[in-house]
Amino acid sequence: MYLRLLFTIPLAFYTSRVVLRELGVDDFGIYQAVSGIVTMFTILRSAFDSATQRYYNVALAKNDTKLLSCMFSTSIVVQLLIAAILVIVIEAFGLWFIRHKMQYPPESEGDVYFVFHTMVVSIIFIIMALPFTGMIIAREHMKFYAYLTILDVLLKLGLVFLLIFANSDKLKLYAVFQMSVPIVLFIISAIYFKINFSEVKIVGLSKPLLKEMCSFSGWGLLGNICYSLVNEGVNLLLNVFGGVVANAARGIGYQVRGVMTNVLSTTIMPVRPQATQLFVNKNYTEFWNIILTYSKVLFLLAALMVVPIIIYAPEILQLWLGMQPEYSVIFLQLLMVYTLIRSFHEPLDIVFKASGRMKVYQLTTVVISIQTFILSWIFLKLGAPLYVAFIIFCVVEIGILVALLFKARVEGLVLTKYLSKVIVPCLIAATLMLAGFIISGCIFQNWILSFLSGELLAVLCIWCIGLTQSERELIRQRIAGKISRQ
C-alpha cells in the first residue's frame, strides 16, 4: 500500500500539471466547478459504503460465510437503489444550478453540459464497484487494492497525454477519458471478486438486514451531507463569488489535499477491519491501543507532509505547475492546516462506526459542521476575501474534534490518556518540526536544500519525540526482520 504511493503521488501531481497546461485555467476551473456539483451528491454513496464495510467486518468477525453472502447481496441491491436515486437527483439539481447559478464563459455552455453528463455516468460505475472493492478491503487483499489504485493513476495519466495530440474540444475529450477509467476499474474489480471470493454467493435479499443497514447509513448520510456542504457547497460559493478562477485555485489546493488524504487513508485503511472486529469481539483494551496509536501516527505523518507545503507553497506551486494561479497559494496553505487538524478525526470515526452508535456521533458532527457553510456564505456576502472560507474550515474542525472527544468517553475513551499519549506528543513534535524548517531556511538559501534538510529534522523529531520507546523498538524489529529475509 505504501509502495503504491511512490507511483501514485508523483503521477497525480504530474497529471494535474499536464491537465492545467492543456485545458487552460478557464476550462480547468469549469471542470472543477462541475465536479463540485456531482460530488456534492456522492454523499449517498459514501454513507452506504461505510455501512457495507462495517457489516462485512462484523460477518468476518463472526466467521459466518452465510451472513457475509447475505450482506453482499443486500449491498448490491442498496447500491443499485443509490445509483438510480443519484442519477435523478444530480440531473435535476445540476441542470438547474448550471442554468441559473453557475458562472462560466457563455461560449463554454455546451462543454459544461457535456462534462456534467459524463461525470454522472462515472459516478454510477464508481457506486456499482463498492460491494466488490469493499469485500477486497474487508478481506485485506491490500496488494491487489494497491495495484488497482496504481492502475487508476496510470490510466488517467496515459489518457491525459492524448490531450496533447488533440487540436480542439480538449475539455470534452478529457471528460470522456475520466469517464472511461471507472468503467475499466469496475470490470476488473468484479472479475477479481469472482475469482478470489467464490464462497460469497448472491442470495435472497434480507429485509431485516436491509432495514438495519439503512438505519446505520441514514445517520451516516446525515453526517456526509454536512461534510459535503463544507467541501463542495463552499466550492459552489467560491464559483458564485469568485468565478471559475477561484474554482481552479481551489481545485489545485484540493488536488494536493487529495494526495495527503490518500496517504492518510492508506495508513488507516488496514486498521478499520481490525479495529471493528476487535470491538465486536469485545477486546476493548487492544481496540483502544490501536485507536490511540493511529491517532498519533496519522497526525505525525500529516505534519511531515503538511508543514513544508505550508512554508514552501509558492515555490512548490511554481515547480509543480509552472505558474501560481490567483488565490492558489493561500488556499493551499489553509487547506493544509485543515488537513492537519482533520487527521485527528479519522480514528474517532472508526470508534463510533465500530460501536454502531451513529446517532450521537452524526448529530454532534451535523450541529457543528453546518456552521461552516452558513458562516462562509455570510462572510463572503459581506465582502470578506475568498480565503475566509478556509479559515472557517479550520476553526469549525477544532470544535468538532473537541465535541467528539467528549462523546467518545461513552465508548471508553479516557480523555487524560488521549491528551498524554496523543495530543501532547503531537503538538511538541509539530512545534519542533516547524522550528526545524525555519532554521533550515535560515541556513540554506536554496529552498530545495532547505526543504530536504527540514524534512530530515522533522523525521528526527518524530522519532525522538513523537514515538515512544516501545514503538521505536517495534520499528527496529520490523526493519531487522525485513533485512534478515532478504
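All values below come from the heavy atoms of this structure, side chains included, with hydrogens, waters and symmetry mates left out.
- A donor-acceptor pair is defined here as one N or O able to donate and one able to accept, closer than 3.5 Å; no such pair exists between the side chain of Ser369 and the backbone of Val366.
- By the 4.0 Å N-to-carboxylate-O rule, Arg342 lies too far from Asp349 to be salt-bridged with it.
- Using cut-offs of 30° and 60° for the angle between ring planes, the Phe287 and Phe279 rings count as perpendicular.
- Every side-chain contact (heavy atoms from CB on, under 4.5 Å) that Asn281 has, sequence neighbours left out, goes to Ala61.
- Annotation for Phe144: atom CZ counts as buried by contact number, over 12 foreign heavy atoms lying within 6.0 Å.
- Between the side chain of Arg472 and the backbone N or O of Leu467 there is at least one donor-acceptor pair closer than 3.5 Å.
- Side-chain contact between Leu264 and Ser343 is present, with at least one heavy-atom pair separated by less than 4.5 Å.
- Within a 6.0 Å radius of CZ in Phe437, more than 12 heavy atoms belonging to other residues, nucleotides or ligands are found.
- Taking 4.5 Å as the limit, some side-chain heavy atom of Leu80 sits within range of a side-chain heavy atom of Met128.
- Under the rule for a side chain to side chain donor-acceptor pair (under 3.5 Å), Ser328 has no partner lying at least two apart in sequence or in another chain.
- Listed by chain and number, the residues in a side chain to side chain donor-acceptor pair (under 3.5 Å) with Tyr254 are Asn231 (sequence neighbours excluded).
- A heavy-atom distance below 4.5 Å is not found between the side chains of Arg257 and Arg250.
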Next item on the list: Kindly determine whether Phe193 and Ile136 satisfy side chain to side chain contact (heavy atoms under 4.5 Å, CB included), including the steps that lead there.
Entry: CA-CA 7 Å; Phe193 179 94; Ile136 290 168; 5.5 Å; no
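- Under the 30°/60° scheme for interplanar angles, the aromatic rings of His141 and Tyr192 are found to stand perpendicular.
- More than 12 heavy atoms of other residues, nucleotides or ligands lie within 6.0 Å of OH in Tyr284, so this atom counts as buried by the packing criterion.
- With a 4.5 Å cut-off on side-chain heavy atoms, Leu68 and Arg139 count as touching.
- A donor-acceptor pair under 3.5 Å is formed between the side chain of Asn247 and the backbone N or O of Asn235.
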Margin query: Evaluate Phe125 against Val184 for side chain to side chain contact (heavy atoms under 4.5 Å, CB included), listing each step before the verdict.
Written below: CA-CA 9 Å; Phe125 282 94; Val184 173; over 6 Å; no
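- Put simply, the side chain of Met71 reaches to within 4.5 Å of the side chain of Leu67, judged on heavy atoms.
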Next item on the list: Report the C-alpha separation of Leu185 and Ile126 in whole Å, then their side-chain angles, then the decisive distance to 0.1 Å, and conclude whether the side chain to side chain contact (heavy atoms under 4.5 Å, CB included) test is met.
Entry: CA-CA 8 Å; Leu185 296 181; Ile126 291 173; over 6 Å; no
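- Around atom CZ of Phe379, no more than 12 heavy atoms belonging to other residues, nucleotides or ligands sit under 6.0 Å away.
- Side-chain contact between Met433 and Leu457: absent, with no pair of heavy atoms (C-beta onward) separated by less than 4.5 Å.
- Using bins of under 30°, 30° to 60° and over 60° for the plane-to-plane angle, the ring pair Tyr327/Phe331 lands in the parallel bin.
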Margin query: With side chain to side chain contact (heavy atoms under 4.5 Å, CB included) as the criterion, how do Phe390 and Leu238 come out once you've worked through the C-alpha distance, each side chain's angles and the decisive distance to 0.1 Å?
Written below: CA-CA 11 Å; Phe390 299 103; Leu238 292 175; 3.8 Å; yes
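- The aromatic ring centres of Phe72 and Phe132 sit less than 6.0 Å apart.
- A salt bridge is defined here as a Lys NZ or Arg NE, NH1 or NH2 lying under 4.0 Å from an Asp or Glu carboxylate O, and Glu411 with Lys407 fails to meet this definition.
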